[in-house]
**Student:** 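Mind having a look at this structure? Questions to follow.
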Amino acid sequence: MRTKKISLLIIFSLFLLLFINDDNQEIKAFSPQVIQHGAVGDDVIELQARLQYLGFYNGNIDGVFGWGTYWALRNFQYEFGMEIDGLAGEETKNKLVQASEYDEAYVKEQIKQGNRFTHYGGTNKQSDTGNQQNQEAQQTDNTTAVNVPQGFSQNDIQLMANAVYGEARGEPYEGQVAVAAVILNRVASPSFPDTVSGVIFEPRAFTAVADGQIWLTPNETAKEAVLDAINGWDPSSNALYYFNPDTATSPWIWTRPQIKQIGKHIFCK
Amino acid sequence: MIRWITIGALTLGLIGTAVWGYQEHQEKNAILIQAENSYQKSFHELTYYMDLLNDEIGTVLAMNSHERLSPQFVDIWRIASEANTNVSQLPLGLLPFNKTEEFLSDIGDFTYRTAIRNLDDDPLTSEETKVLEDLYVQAKEIKDELRHVQHMALENNLRWMDVQLALVNNDQSDNTIIDGFKTVEKQVEGYTEANSQSGLIGVSTKPQNHIEDLPGEKLTEKEVQDLGRTVLGVDQSEEMDVTSSGDGADIPFYTVSYHDDDKRAYMDVTQKGGYPLTILIERPIGEKKLSLHDGAEKAEEYLEQMNIENMELYQSMELDKVGMYSFLYNQDGIRVYSDSVEVKVALDNGDILGLTAENYYSNHHKREIAEPTLSEEDALEYVNPNIKIEEADLAIITNDLDEEVLVYEFLGTLNNETYRIFINAEDGTEEMVEKLGGKELKYSLDF
């Protein structure tokens, strides 16, 4: 009799624990960060999934807080009578958690498989398995998109990183950013082609293109340097040319007004 | 016996090598010919387009009806752009040929601006006709020179591969093609001066650089060192590397740099007043601990510290453990797009990794902002009605003609895409419409 009572108690408390656990999960939902435009990661996936569940968001759940997510969030804030600031702060996140359900395992599974799917409330979870994109699912994080600077593709960045690596891999970091900036200054200049690829592949413009070093695999630093240059950093101070004084063969290049020297390269107008 | 086998093997080897060598030689030739042909194509096309350009400008001069004038200008614009593309495909690299490219691009700009203008209300002025007449003569001279070079090249079977070789070996003394292109460049140099005096071509209206007006004295070497250590967070005992900018710099500045085992830091400051133009710090970044939003707060604090005030966060982006933030100056609720700074924040401990303030300092000044003539509702009339407007603001932007204009900035959506639309607050001109991207499907690149 006693044992029965005890076991009942145990079972009961186990149930209770389960419930508490469940509750905990609800509260644990988002991490404490304020999510804002441009953010990346699991919190954004959850935000998008929840907004989609409520019918505010109809884009892809990709883990990158872009314009679509921004407007969805603002509409949500408007409908729920909150301050409309496009930031997912504590109040907004709590309201979202109360109003929607989020099946993390399901959503991430779908993302991993590269399925197109919807996560609206009320309807059955449906996945459109016919549209597999066969992405290599070895990514460590769950996001399927990346932030890119306005007007640039990852491929443009890769191409520039190739050029920077081929031209300046032994140079100090700001020297690499400066080489990337020179490419961008040329794109903007009327005396040079108007595209990144046009500038890079202009015959005899870059030695790394001529001798094939551009096809070496660039490292992370070169890519970072390119991103900095695209985002506005220009250690070359608006230079259009640079040369290595030890190897330069053209006397003409010495007639250009020089701006500064970084590492082995002299940058000039 | 062994002797014969050896002889046989060696003979076979010899034949094999000969065949292999011959094939290699053939392949090399094929590739050379292919490269030569693509250079030849660009060269002949260039001369053809210069010829055409000359003809078309001549046609404009003879034209009277406005209806035909605009398409004709568009045509010239296209031809100038084609010619420019051809120039950029020739192996001229280090042979100075910039003036010619600029000349072509100027023709393009001028004709484009005229083409989009309503010539019925605003016909060509006599000055513009004069410019066209000048351009006609100049294009004719360039055409004649290029046609001459083309003739010599065809008659003597000149190859562009030789040009390239001559340029590589820096032996440019006796090459007809190089001489011809140098003559063209010389001629154009002469025109550029004349054209810039006529005030319509070749002068990009360079906005006033406001850095020179900033208060402050010229810094001494010691002051620069101290400033560098403070701003870059380097120990007071360390020695900083300071160099002065050369003649080519827009304004004189010092470059201060420092590096130790795991950190590189560098900064450009104006010589007068010590205003930071560019700061960049590179170090390995640890595990991400801060959110993009936390980083934004750090960036805002930092701008205040640097006395860059009244800045409004305009754009933020998380890039692999780094937060990139753009700020715009806000004067009485009006965003000024030209006064922008970018801040880079490490999301492991919130350190500032970079700042660009050259745009800010060179454009920033107290502006007299007139009241907008149009109300927001009036301005909305000029926006495509299919766009759902989400946000509206006043802003100052720099338009195509390099003038600062007061505009209404509308953010709106159409078919799941977001657009930024600028409507002139004076006359309702649609100054600029821009589709906002900012993210892209992740490719399996090793990013």
Side-chain angles (χ1 to χ4, degrees), chain A residues 33-40 58-59 62 64 66-68 71 74 87 135-136 139 143-151 153-155 158 172-174 177 190-193 198 202-205 223 227-228 231-235 237-239 249-250 252-253 256-261 268-269, chain B residues 85 88-96 98 101-102 105-106 164 167-168 170 243 245-250 253 255 257 259 264 266 268 277-278 280 282 291-294 296 315-319 324 326 342 344 354 356 358-359 390 413 416 418 436-445 447:
Chain A
Q33 69 155 320
V34 177
I35 318 168
Q36 76 173 35
H37 197 164
V40 178
N58 50 15
D62 54 17
V64 178
W67 286 101
W71 299 126
R74 285 177 63 105
L87 293 173
Q135 283 186 333
E136 281 162 52
Q139 295 147 0
T143 56
T144 57
V146 286
N147 277 316
V148 285
Q150 174 83 23
S153 155
Q154 292 158 82
N155 295 338
Q158 175 84 16
Y173 182 68
E174 64 262 27
V177 180
S191 341
F192 290 92
E202 194 176 14
R204 302 202 27 78
K223 187 202 129 200
L227 280 172
D228 278 350
N231 280 305
W233 273 264
D234 183 1
S237 303
N238 307 319
T249 50
S250 158
W252 171 78
I253 194 79
R256 310 297 304 173
Q258 297 180 3
I259 300 171
K260 61 152 83 161
Q261 176 157 13
C268 42
K269 273 267 141 120
Chain B
T85 312
S88 74
Q89 282 164 359
L90 289 172
L92 296 169
L94 293 173
L95 178 75
N98 313 64
E101 290 184 272
E102 249 164 66
S105 145
D106 282 341
Q164 186 164 352
L167 284 171
V168 171
N170 212 14
T243 52
S245 60
D247 303 336
D250 297 333
F253 60 84
T255 301
S257 57
H259 68 101
R264 277 203 73 87
Y266 121 89
D268 284 340
L277 301 176
T278 311
L280 204 51
E282 201 231 357
S291 72
L292 189 66
H293 188 70
D294 300 333
Q315 200 174 306
S316 56
M317 201 192 280
E318 187 175 329
L319 293 167
M324 289 278 188
S326 297
E342 282 84 32
K344 184 179 171 189
T356 70
E358 190 171 350
N359 279 338
E390 304 268 6
T413 52
N416 278 336
T418 301
L436 300 177
K439 71 175 178 180
E440 175 176 65
L441 195 72
K442 196 191 264 176
Y443 300 123
S444 309
L445 294 171
F447 269 30

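Keep in mind it's a predicted model, so treat the numbers as computed, not measured.
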**Student:** Which bit of B:Gln89 comes within less than 4.5 Å of chain A, counting heavy atoms only: side chain, backbone, both or neither?
**Tutor:**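 Contact with chain A: backbone only.
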**Student:** Can you tell if the side chain of B:Arg264 reaches within under 4.5 Å of the side chain of A:Glu174, non-hydrogen atoms only?
**Tutor:**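 Side chain of B:Arg264 against side chain of A:Glu174, heavy atoms only: contact under 4.5 Å found.
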**Student:** Check whether A:Arg74 gets within reach of chain B through its side chain, its backbone, both or neither, counting any heavy atom under 4.5 Å.
**Tutor:**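 Side chain only.
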**Student:** Which atoms of A:Trp233 are under 4.5 Å from chain B, going by heavy atoms: the side chain, the backbone, both sets, or neither?
**Tutor:**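 When you check distances to chain B, atoms from both the backbone and side chain of A:Trp233 fall under 4.5 Å.
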**Student:** For the candidates B:Met324, B:Glu390, B:His259, B:Glu342, which exhibits the highest count of non-hydrogen atom pairs separated by less than 4.5 Å from chain A?
**Tutor:**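 The candidate making the most pairs under 4.5 Å is B:Glu390.
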**Student:** Between B:Asn416 and chain A, with a heavy-atom cut-off of 4.5 Å, which part of the residue counts as in contact: side chain, backbone, both or neither?
**Tutor:**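 Answer is side chain: those atoms of B:Asn416 sit under 4.5 Å from chain A.
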**Student:** As an exercise, state the distance from CD of A:Gln36 to OG of B:Ser291, rounded to the nearest 0.5 Å.
**Tutor:**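 Between A:Gln36 CD and B:Ser291 OG, I get 7.0 Å after rounding to 0.5 Å.
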**Student:** Between B:Ser88 and chain A, with a heavy-atom cut-off of 4.5 Å, which part of the residue counts as in contact: side chain, backbone, both or neither?
**Tutor:**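 For B:Ser88, the contact with chain A is made by backbone and side chain together.
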**Student:** I'd like to know if B:Asp247 and A:Lys269 make a salt bridge, using a cut-off of under 4.0 Å between side-chain N and carboxylate O.
**Tutor:**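 Salt bridge flag = no for A:Lys269 with B:Asp247.
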**Student:** So which part of B:Thr255 gets closer than 4.5 Å to some heavy atom of chain A, the side chain, the backbone, both or neither?
**Tutor:**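 For B:Thr255, the side chain is the part near chain A, not the backbone.
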**Student:** Under a 4.5 Å heavy-atom cut-off, does chain B meet the side chain of A:Ile35, its backbone, both or neither?
**Tutor:**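 A:Ile35 has no heavy atom closer than 4.5 Å to chain B.
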**Student:** Name the region of B:Thr278, side chain, backbone, both or neither, that has any atom closer than 4.5 Å to a heavy atom of chain A.
**Tutor:**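 The side chain, not the backbone.
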**Student:** Under 4.5 Å from any heavy atom of chain B, what part of A:Glu202 do you find: side chain, backbone, both or neither?
**Tutor:**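 Both backbone and side chain.
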**Student:** Where on B:Glu358 is there a heavy atom nearer than 4.5 Å to chain A: the side chain, the backbone, both, or neither?
**Tutor:**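 Contact with chain A involves the side chain of B:Glu358 alone.
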**Student:** Counting only non-hydrogen atoms closer than 4.5 Å, does A:Asn147 touch chain B with its backbone (N, CA, C, O), its side chain (CB onward), both, or neither?
**Tutor:**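 A:Asn147 touches chain B through backbone and side-chain heavy atoms alike.
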**Student:** Determine the minimum heavy-atom distance between A:Gly38 and B:Leu292, stating which atoms define it.
**Tutor:**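 Heavy atoms only, the tightest pair is C-CD2, 3.3 Å.
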**Student:** Please step through side chain to side chain donor-acceptor pair (under 3.5 Å) for the pair A:Gln261 and B:Thr243, ending with a clear verdict.
**Tutor:** CA-CA 9 Å; A:Gln261 176 157 13; B:Thr243 52; over 6 Å; no
**Student:** Would you mind checking which part of B:Ser257 comes under 4.5 Å of any heavy atom in chain A, side chain (CB onward), backbone (N, CA, C, O), both or neither?
**Tutor:**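 For B:Ser257, the side chain is the part near chain A, not the backbone.
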**Student:** With a 4.5 angstrom heavy-atom cut-off, could you sort out which part of B:Thr413 is near chain A: side chain, backbone, both or neither?
**Tutor:**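 Just its side chain gets close to chain A.
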**Student:** Measuring heavy-atom distances to chain B, does A:Asn231 have an atom under 4.5 Å in its side chain, in its backbone, in both, or in neither?
**Tutor:**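 Answer is both: backbone and side chain atoms of A:Asn231 are under 4.5 Å from chain B.
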**Student:** Measure across B:Asp268 and A:Pro235 and return the closest heavy-atom pair with its distance rounded to 0.1 Å.
**Tutor:**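 Minimum heavy-atom contact is OD2-O, 4.1 Å.
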**Student:** Looking at every heavy atom in both B:Glu318 and A:Ala39, which two are closest together, and how far apart are they?
**Tutor:**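 Heavy-atom minimum between the residues: OE1-CA, 3.4 Å.
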**Student:** Which region of B:Met317, side chain (C-beta onward) or backbone (N, CA, C, O), has a non-hydrogen atom less than 4.5 Å from a non-hydrogen atom of chain A, or is it both or neither?
**Tutor:**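 Both backbone and side chain of B:Met317 come within 4.5 Å of chain A.
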